[in-house]
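Atoms within a ligand are numbered from 1 in the order they appear, just like the ligands themselves. Numbering starts at 1 and runs along the sequence shown. For the numbers below, each heavy atom of this structure counts, side chains included, while hydrogens, waters and symmetry mates do not.
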Amino acid sequence: MIDATEYQQRRDRLMAKLGQGTAIFPSAPLAVMHKDVDYPFRQDSDFYYLTGFNEPEAIAVFAPHHEEHRFILFVQPKDPAKETWTGYVTGVEAAQTEYGADAVYPIGELNEHLPQYLAKSDRLYYHFGHNESLNQKILGHWQRCLALYPKNGYGPTGIDDPSFLLHPQRLVKSAAELNLIRKAVDISVEAHQRAKDLAKPGVYEYQVQAEIEYTFARHGATSAYPSIVAGGANGCILHYINNDRCLNEGDLLLIDAGACYQYYNADITRTFPINGQMSKQQQALYELVLAAQLKAIEEVQAGKAYNEFHEMAVCVLVQGLLDLGLLQGDLEEIIAEEKYKPFYMHRTGHWLGLDVHDAGHYKATAEQWATLQPGNLVTVEPGLYISPTLEPAEGQPEIPPEWRGIGIRIEDDVLVTATGNEVLTAAVPK
Ligand code: GLY
Ligand code: MN
Ligand code: MN
């Protein structure tokens, strides 16, 4: 659990960067499933990171320069009749005591109260998202401030996206965040184990999916993303989520599934033969992906450029494909001309945290990759995908049929530490 002090520290760090600026973060909207039924609500990650407040129709304002109120919340007011249908609402009073805001107003009073927090700021920080009506409202407030500037001599002169201030913070995980991620990992480890025990010829992909998601639910978790349970050639479809095919003798099964526990995610992929036995070709490709992954993980170190583990994975994969005769030519040329891409078309990882593809930049400048630092969490997930329809790059050999229909990915969650790294997901066998 993330305690109130940590939320306060997160806000203080943001506000130190805001200076005379004002930042506005809206909650996520409710998404309609059909007619008058909504999807389960999931809070916007930035909003949640800063407040821990888990309700829609809310806005957080940060105004460190304001005389009285630095952290302001606008929330749904209590409404017993509505709550009978859709559940508990915190309301204005409790939001102030429970979430540490200096002032809380009903969301319907945004137009009335927002101006005082904007008027003396020198810059507005707001992310223009999908909520068009809010976008227009915020623009309107800013334009009114601009119109008053000549007379007042103060006011926000521009609008910036707050992600540049906030996301570097989110990239470094605290001890409390890592505890939640470790819990999500533990649940996912159990789910992968149970899935492996269940998978055999005649079982449907969705039955394996059910076992995984039952395990998540039993531990109070949900799926971090739609589970990928891909037998045989389905493993070549990167985001295969139909999960509706029967597993056959001789199939490899690619499972990419992770739990989300109290908003923090795990992201794990394993590929294994459902009858315990791999063909020669399956084994050769599996060993190659595993070798690439192990070498790539070694590159996940504080001080290294973000891209190094990807480059290492590509290098090992290409050399292996050359050795197997599935590519031909010069290693460096193949990499420079991306002739390996029919086999390996995605990058080797991403930041992980509150979002599965977590917030944060991968590049420091146009030329320079971000530098890994202790507390960063990345996935390392090389793969090889020889789909039945794969077309080799120009000048490359045809793929014999026995290699086709094999899709393999191995994915672990790797924490950058002061002395190296820790593979959080090591308990799922490879
Ligand atoms: N499961 C999504 C990903 O691995 O990025
Ligand atoms: Mn994944
Ligand atoms: Mn991933």
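Contacts between D267 and ligand 1, counted as non-hydrogen atom pairs separated by less than 4.0 Å, involve the side chain only. Here H239 has no heavy atoms under 4.0 Å from ligand 1, in either its backbone or its side chain.
Take the Mn ion (ligand 2) and draw a sphere of radius 2.8 Å; the protein N/O/S atoms inside it number 4.
Taking the Mn ion (ligand 3) as reference, the nearest N/O/S atom within H350 carries the name NE2.
Between H350 and Y362, the ring centre distance reaches or exceeds 6.0 Å.
A salt bridge between R11 and D102 is absent, with no side-chain N of the basic residue lying under 4.0 Å from a carboxylate O of the acidic one. Salt bridge status for R10 with E6: present, with a side-chain N to carboxylate O gap under 4.0 Å.
Counting heavy atoms from C-beta on, the side chains of I255 and R270 never come closer than 4.5 Å. Annotation: side chain of P429 is in contact with side chain of Q193 (closest heavy-atom distance under 4.5 Å). Using a 4.5 Å heavy-atom threshold, the side chains of D330 and L322 count as separate.
For the salt bridge (charged side-chain N to carboxylate O under 4.0 Å, His left out) criterion with R218, the lone passing option out of E190, E213, E211 is E190.
Heavy atoms of D256 approach ligand 1 to within less than 4.0 angstrom.
Residue pairs that meet the ring-ring contact (aromatic ring centres under 6.0 Å, His included) test with at least one member in residues 233-277, sequence neighbours left out, are Y48-Y263.
Those atoms of ligand 1 that come under 4.0 Å of a heavy atom in E411, given as number and element, are 4 (O). Those atoms of ligand 1 that come under 4.0 Å of a heavy atom in H357, given as number and element, are 2 (C), 3 (C), 5 (O).
Y385 and C236 get closest at one heavy-atom pair: CD2-CA, 4.0 Å.
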